Number of protein chains: 2
Amino acid sequence: MSEGVEWGIHCCALLAVLPDDIALPASRLAEFHGVPAAYLAKHLQALSAAGIVESGAGRRGGYRLARHPRDISLLDVVDAIDGDTRVFRCSEIRQRGPAALDPSCYRKACGIARAMWAAEQAWRDALAQQTIADLLVGLANDVPSEAAVKAAAWLQEVSR
Amino acid sequence: MSEGVEWGIHCCALLAVLPDDIALPASRLAEFHGVPAAYLAKHLQALSAAGIVESGAGRRGGYRLARHPRDISLLDVVDAIDGDTRVFRCSEIRQRGPAALDPSCYRKACGIARAMWAAEQAWRDALAQQTIADLLVGLANDVPSEAAVKAAAWLQEVSR
DNA sequence: CGATACTCGGATAGGTAGTATCCGAGTATG
DNA sequence: CATACTCGGATACTACCTATCCGAGTATCG
C-alpha cells in the first residue's frame with residue numbers, strides 16, 4: 001500500500017478540525033506533518049479529483065474538506081489515492097495448459113478469485129464503516145490535549 | 001499483490017488432488033498452468049520454506065503437499081509468498097511537525113494505524129477461514145468434469 | 001558400486017509501479 | 001491593473017516485482 005494513503009488520512013483529519021472558512025495550502029499541510037511538500041501535493045490532487053477535498057487558488061487558497069467528516073470514510077481515501085482496482089488479479093490460468101476447456105465453459109468466476117475477492121470485500125467493508133469523524137474522537141483521547149494546543153498555536157502562526 | 005500468490009494457490013490445489021505418493025516437479029506444474037517455469041520455481045521455494053509443500057530431489061523428485069489440504073489456508077499461502085508484513089505501514093507522522101510532543105506521550109498506537117490494521121485483520125481472518133480443501137469442492141462444481149478427465153490424462157502422460 | 005540424468009536452491013539481470021521533484025496556468029488580493 | 005500566491009500536470013529517479021540462469025545434491029539405472 002502506498003505511503004500516500006497515510007498522509008492523505010492525516011491531512012483529512014487535520015482539515016476536519018479547522019474552521020470552515022479556513023483553507024490550508026499543500027505546503028502548510030506538508031510542513032505540519034513533516035513530509036515532502038512536492039510529493040504530498042500529488043496525493044492532494046488525487047483527493048481533489050475524488051471530491052474529498054476542495055481546492056482554491058490564489059492568495060487565500062488551499063485545501064478544505066469537500067464533505068462533512070462523517071461522510072468521508074477511510075475507504076474513500078484509500079480508493080482515491082491507491083486507486084479502486086482489486087488487489088488480487090485473476091489471470092484465469094485455469095483456462096491455460098493441457099486441461100483447458102472451451103472458454104464458454106468458464107461462466108462463473110474462478111473459485112480462487114471469488115475467495116480472495118470475498119476477503120478483500122471484508123477489508124473494504126471495515127474501511128467503509130470507519131469515517132474521519134470516528135477517527136477524531138479516538139485521536140483526541142490517545143494524546144494529551146497539549147498537542148491540540150500546539151496545533152492551534154501553529155495554525156495562528158501561519159494564518160497571520 | 002504479487003501474481004505469484006495466484007500461482008501458488010493453483011499449485012496447491014493441483015497437488016491436493018494428486019495421489020499421495022506422486023510428486024510434481026516445478027517444470028510440470030508450470031506446464032500445467034501455462035506459466036514461466038523458472039519464475040514459478042522461485043515461488044515454490046517460498047512455499048517450501050514455509051512448510052506448505054515438501055520438496056524431493058532426484059529422478060522422481062518434485063513437490064507435494066506437506067500438510068492435509070484442510071490444514072492449509074489461503075492466508076498461509078499469501079504470507080508465504082508475499083510475506084507476512086502488514087500492508088499498511090505507520091510512519092508515526094503524528095510525532096513529526098510543529099505539534100509533536102515528547103515521544104513518551106505516544107504510548108498507544110496511532111488511531112489511524114489501528115483502524116487500518118483492524119480492517120487488515122478482517123481480511124486476514126477471511127483468508128484464514130478458507131482452506132485448500134474448501135476450494136476443491138467449489139472448483140469441481142464450477143467447471144464440467146471433462147476438465148478433471150483431461151487433467152488425469154495429462155498426469156498419466158507425464159508420469160510415463 | 002559408479003555414472004548419469006534429473007531435481008531443487010540461491011544468486012543474477014530487466015521492467016514496471018511507486019517515489020520525489022519541478023515549472024507553467026490560473027486566481028484572489030492589494 | 002500588477003502581483004504574489006495557489007493548484008495542476010509533466011518530468012526524472014528508485015525500489016520492488018518479474019524473469020532467468022547456473023551450480024549443489026540425490027534417486028535411479030546399468
Side-chain angles (χ1 to χ4, degrees), chain A residues 1-8 11 15 21-31 33-64 66 78 80-89 91 93 158-160, chain B residues 1-8 11 15 21-31 33-66 78 80-83 85-89 91 93 158-160:
Chain A
M1 173 174 300
S2 154
E3 191 175 18
V5 170
E6 183 187 8
W7 300 0
C11 285
L15 293 176
D21 56 346
I22 294 292
L24 276 189
S27 58
R28 296 302 180 197
L29 285 166
E31 177 187 351
H33 292 113
V35 300
Y39 188 28
L40 177 63
K42 183 175 177 60
H43 293 307
L44 290 171
Q45 287 179 32
L47 291 179
S48 177
I52 295 174
V53 301
E54 284 175 342
S55 62
R59 189 79 174 74
R60 289 219 161 199
Y63 289 99
R64 74 195 74 201
V78 170
I81 292 180
D82 267 8
D84 59 354
T85 61
R86 290 284 181 274
V87 176
F88 179 85
R89 284 154 299 188
S91 58
I93 68 182
V158 301
S159 299
R160 275 193 300 110
Chain B
M1 174 174 300
S2 154
E3 191 175 18
V5 171
E6 183 187 9
W7 300 0
C11 285
L15 293 176
D21 56 347
I22 295 290
L24 276 188
S27 59
R28 297 301 179 198
L29 285 167
E31 178 187 350
H33 292 114
V35 299
Y39 188 28
L40 177 63
K42 182 174 178 60
H43 293 307
L44 290 171
Q45 286 178 33
L47 291 179
S48 177
I52 295 174
V53 300
E54 283 175 343
S55 62
R59 189 77 175 74
R60 290 220 160 199
Y63 291 99
R64 76 195 73 201
L65 286 189
V78 170
I81 292 181
D82 266 9
T85 62
R86 290 284 180 275
V87 176
F88 179 85
R89 284 153 299 186
S91 58
I93 69 180
V158 302
S159 299
R160 277 194 298 109

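Lettering of chains follows the sequences in order, A, B, ..., and the numbering in each one begins at 1. Since the structure is predicted, the reported quantities are computational estimates derived from the model, not experimental observations.
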Round to a whole Å and report the spacing from [atom1] of [X] to [atom2] of [N].
| X | N | atom1 | atom2 | value |
| --- | --- | --- | --- | --- |
| Glu54(B) | dT7(C) | CD | P | 18 Å |
| Ile81(B) | dA19(D) | CD1 | P | 14 Å |
| Leu24(A) | dC5(D) | CG | P | 16 Å |
| Arg64(B) | dA27(D) | CZ | P | 11 Å |
| Leu44(B) | dT7(C) | CG | P | 13 Å |
| Met1(B) | dT18(D) | CE | P | 11 Å |

Taking 4.0 Å as the cut-off, does a side-chain nitrogen or oxygen of [X] come that near to OP1 or OP2 on [N]?
| X | N | value |
| --- | --- | --- |
| Tyr39(B) | dT18(D) | yes |
| Ser48(B) | dG9(C) | yes |
| Tyr63(B) | dG9(C) | yes |
| Ser55(A) | dT6(D) | no |
| Ser2(B) | dT18(D) | yes |

Per [X] side chain, nearest of listed nucleotides [options]:
| X | options | value |
| --- | --- | --- |
| Lys42(B) | dT18(D), dT29(C), dT7(C) | dT18(D) |
| Gln45(A) | dT7(C), dT20(D), dG8(D) | dG8(D) |
| Arg59(B) | dT20(D), dT6(D), dA27(D) | dA27(D) |

Minimum heavy-atom separation for [X] and [Y], please, with both atom names.
| X | Y | value |
| --- | --- | --- |
| Leu44(B) | Ala26(B) | CD1-CB, 3.6 Å |
| Ala37(A) | Ser27(A) | CB-CA, 4.4 Å |
| Trp7(B) | His43(B) | CE3-CD2, 4.0 Å |

Would you say Leu40(B) and Cys11(B) make side-chain contact, with heavy atoms under 4.5 Å?
yes

Using the closest heavy atom to pick a nucleotide of DNA chain C for each, name whichever of Arg89(B) or Ala57(B) lands nearer the 5' end.
Ala57(B)

Look at all strands and tell whether Ala41(B) reaches a base, only sugar-phosphate, or nothing, counting heavy atoms closer than 4.0 Å.
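Nothing: the residue Ala41(B), judged by heavy atoms under 4.0 Å, touches no strand.
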
Less than 3.5 Å apart, any donor N or O on the side chain of Ser48(B) or Glu54(B) sitting next to an acceptor on the other?
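Distance-only check fails for Ser48(B) and Glu54(B).
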
